[in-house]
Protein chains: 2
Amino acid sequence: MTQMQRSDARSNRDRVLTAARETFAAAGLEAPVREVARRAELGVATVYRHFPTRTDLVTAVLAERVEACRRQMRRALDDTDPWRALSGMIEEFADRQIHDRALNEALLAPGGAAGAFAEQRREHVEAMNTLVARARAAGRLREGVGPEDVRAGLLAIAALRNLPSSTNAQVIGRLAELLRAGLRA
Amino acid sequence: MTQMQRSDARSNRDRVLTAARETFAAAGLEAPVREVARRAELGVATVYRHFPTRTDLVTAVLAERVEACRRQMRRALDDTDPWRALSGMIEEFADRQIHDRALNEALLAPGGAAGAFAEQRREHVEAMNTLVARARAAGRLREGVGPEDVRAGLLAIAALRNLPSSTNAQVIGRLAELLRAGLRA
DNA sequence: ACGGAAACGGAACGGATGTTCCGCCCCGGA
DNA sequence: TCCGGGGCGGAACATCCGTTCCGTTTCCGT
């Protein structure tokens, strides 16, 4: 059923997805659907045929980013050095935020357009708890630091990404370093 | 000239301001003007007569908060203990963000509705530089930490305030503590 | 008490955005 | 090559928001 559609329809669906990726990354998740359609050089109706509502389109784009996040977390869990795993995770997260304006909204608005990712969020939280527990067991964490602190720090990095400033990249980098210093024993 | 206006006009102006304070505090600075008018039990035109544009209304509300910030910074400059001054400033800033949903947008959007506070912003930055320089001279700061790091941290706290989550207060508190730990020698 | 200027309320305008409608067009099977 | 039905584009509809217009009401000096 799924594969017996017209070839132009299939290719247009890809063009919409590509355009949506680019648009959301550059202008944020609130970018108008018309903007996506324009970038794809298609009519709005075509976008809506492939993604019945704006939320479906956003969800489709976010799914890819969330999956990338999941892979990254897997790698961190495989790291044998507890502090390097945790610290590197923070740094990669910061890098990702710098280059991708869409991802943070998936993390920042649990009830919003990204409500579909509750399961992945839970998995992510669990993995983070493991990373923190390992670093703590290895004595690399400051007294009193827990998973909530790491989570607060990541949220802060993500929230910073929303600012319209052009110096965001530097500010985010500094903040990530500052957070690592605050977590370290 | 200013005081020879009709009494109803003067009292309505106050009602608008009060309603704006309440509305913006509860719903954020993007709350519709109609909402302010409704809360004041006045027509929209009345709001617009006293504050020609939405920005003027926002600015009027923010001016009060900015002034409070200025007084707080003055107190920090009077503190004889450099680290306590800097650390306390961060904590008070975090507290203020928790209780005031409007203030951060004055700090986060230099070109936005709060463009009118450029002078105060400059003064604020200068005072912060002084606080950091003193703390550094007293040897209370970690190697490599500068005013930009403190500013990044405050920005992060302010940005966090924008999240719709109900656990913001705790998260902001933790973040503030984390930042202090990251700055300390 | 009265009259006019100032203030008021709410409908209306203009622009943005999500979504739907509909006539035209093109793919793909015969 | 021809035809039918799904696909397409863009205008149109509905909603929301900032702002303005204008007929009506209210204050206040005389």
Side-chain angles (χ1 to χ4, degrees), chain A residues 1-20 22-24 26-62 101-102 105 109 111-116 164, chain B residues 1-20 23-24 26-62 102 105 109 111-116 164:
Chain A
M1 304 294 264
T2 312
Q3 56 270 42
M4 61 182 300
Q5 42 186 305
R6 271 164 51 169
S7 63
D8 57 343
R10 175 177 289 273
S11 97
N12 279 342
R13 188 178 199 281
D14 287 346
R15 293 183 62 175
V16 169
L17 259 184
T18 299
E22 296 171 359
T23 303
F24 290 151
L29 284 187
E30 333 81 25
V33 175
R34 280 170 175 78
E35 180 65 32
V36 175
R38 205 174 310 136
R39 186 182 283 257
E41 295 179 298
L42 293 169
V44 270
T46 302
V47 174
Y48 273 92
R49 190 164 316 101
H50 293 296
F51 302 93
T53 113
R54 171 203 173 66
T55 299
D56 293 327
L57 184 56
V58 170
T59 300
V61 169
L62 284 183
R101 185 165 173 177
E105 295 174 48
Chain B
M1 304 293 260
T2 312
Q3 57 271 41
M4 61 181 301
Q5 44 188 302
R6 270 166 51 170
S7 62
D8 57 342
R10 176 175 288 273
S11 99
N12 278 342
R13 187 179 201 281
D14 287 346
R15 294 183 61 176
V16 169
L17 258 184
T18 298
T23 303
F24 290 152
L29 284 187
E30 333 80 26
V33 175
R34 280 170 175 81
E35 180 65 33
V36 175
R38 206 174 308 137
R39 186 183 281 257
E41 294 178 300
L42 293 170
V44 272
T46 301
V47 174
Y48 273 93
R49 189 163 317 99
H50 294 297
F51 303 91
T53 112
R54 171 204 173 66
T55 299
D56 293 327
L57 184 57
V58 170
T59 300
V61 171
L62 284 183
E105 296 174 47

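Reminder, nothing fancy here: chain letters follow the sequence lines and each chain counts from 1.
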Quick check for you: to the nearest 0.5 Å, what is the distance between [X] atom [atom1] and [Y] atom [atom2]?
X	Y	atom1	atom2	result
A:E35	A:E30	CD	CD	12.5 Å
A:L29	A:R54	CG	CZ	7.5 Å
B:H50	B:L42	NE2	CG	7.5 Å

Rounded interatomic separation in angstrom, taking [atom1] from [X] and [atom2] from [N]:
X	N	atom1	atom2	answer
A:L29	C:dT17	CG	P	15 Å
A:R49	D:dG5	CZ	P	17 Å
A:R38	C:dA16	CZ	C1'	12 Å
A:R15	D:dC8	CZ	C1'	12 Å
A:R13	D:dC8	CZ	P	12 Å
A:N12	C:dC26	CG	P	13 Å
A:E35	C:dA16	CD	P	13 Å

Contact pattern, 5' to 3', of nucleotides 15-20 of chain D - B, S or - by protein heavy atom under 4.0 Å | --BBBB

When you check the phosphate oxygens OP1 and OP2 of D:dG9, does a side-chain N or O of A:T46 lie under 4.0 Å from one of them?
-> yes

For D:dC8, does OP1 or OP2 lie under 4.0 Å from any side-chain N or O of A:H50?
-> yes

Check nucleotides 28-30 of chain D against the protein and report each pair of N or O atoms closer than 3.5 Å, with its distance, or say if there are none.
unit_1	atom_1	unit_2	atom_2	d
D:dC28	OP1	B:S7	N	2.8
D:dC28	OP1	B:S7	OG	3.3
D:dC28	OP2	B:S7	OG	3.4

Is there a side-chain contact between [X] and [Y], using heavy atoms and a 4.5 Å cut-off?
X	Y	answer
A:R39	A:V36	no
B:V16	B:L57	yes
B:V33	B:Y48	yes

Determine, stepwise, if the pair A:F51 / A:V58 fulfils side chain to side chain contact (heavy atoms under 4.5 Å, CB included).
-> CA-CA 9 Å; A:F51 302 93; A:V58 170; over 6 Å; no

Which residues pass the side-chain hydrogen bond (donor to acceptor under 3.5 Å, both in side chains) test with B:D56, sequence neighbours left out?
-> none

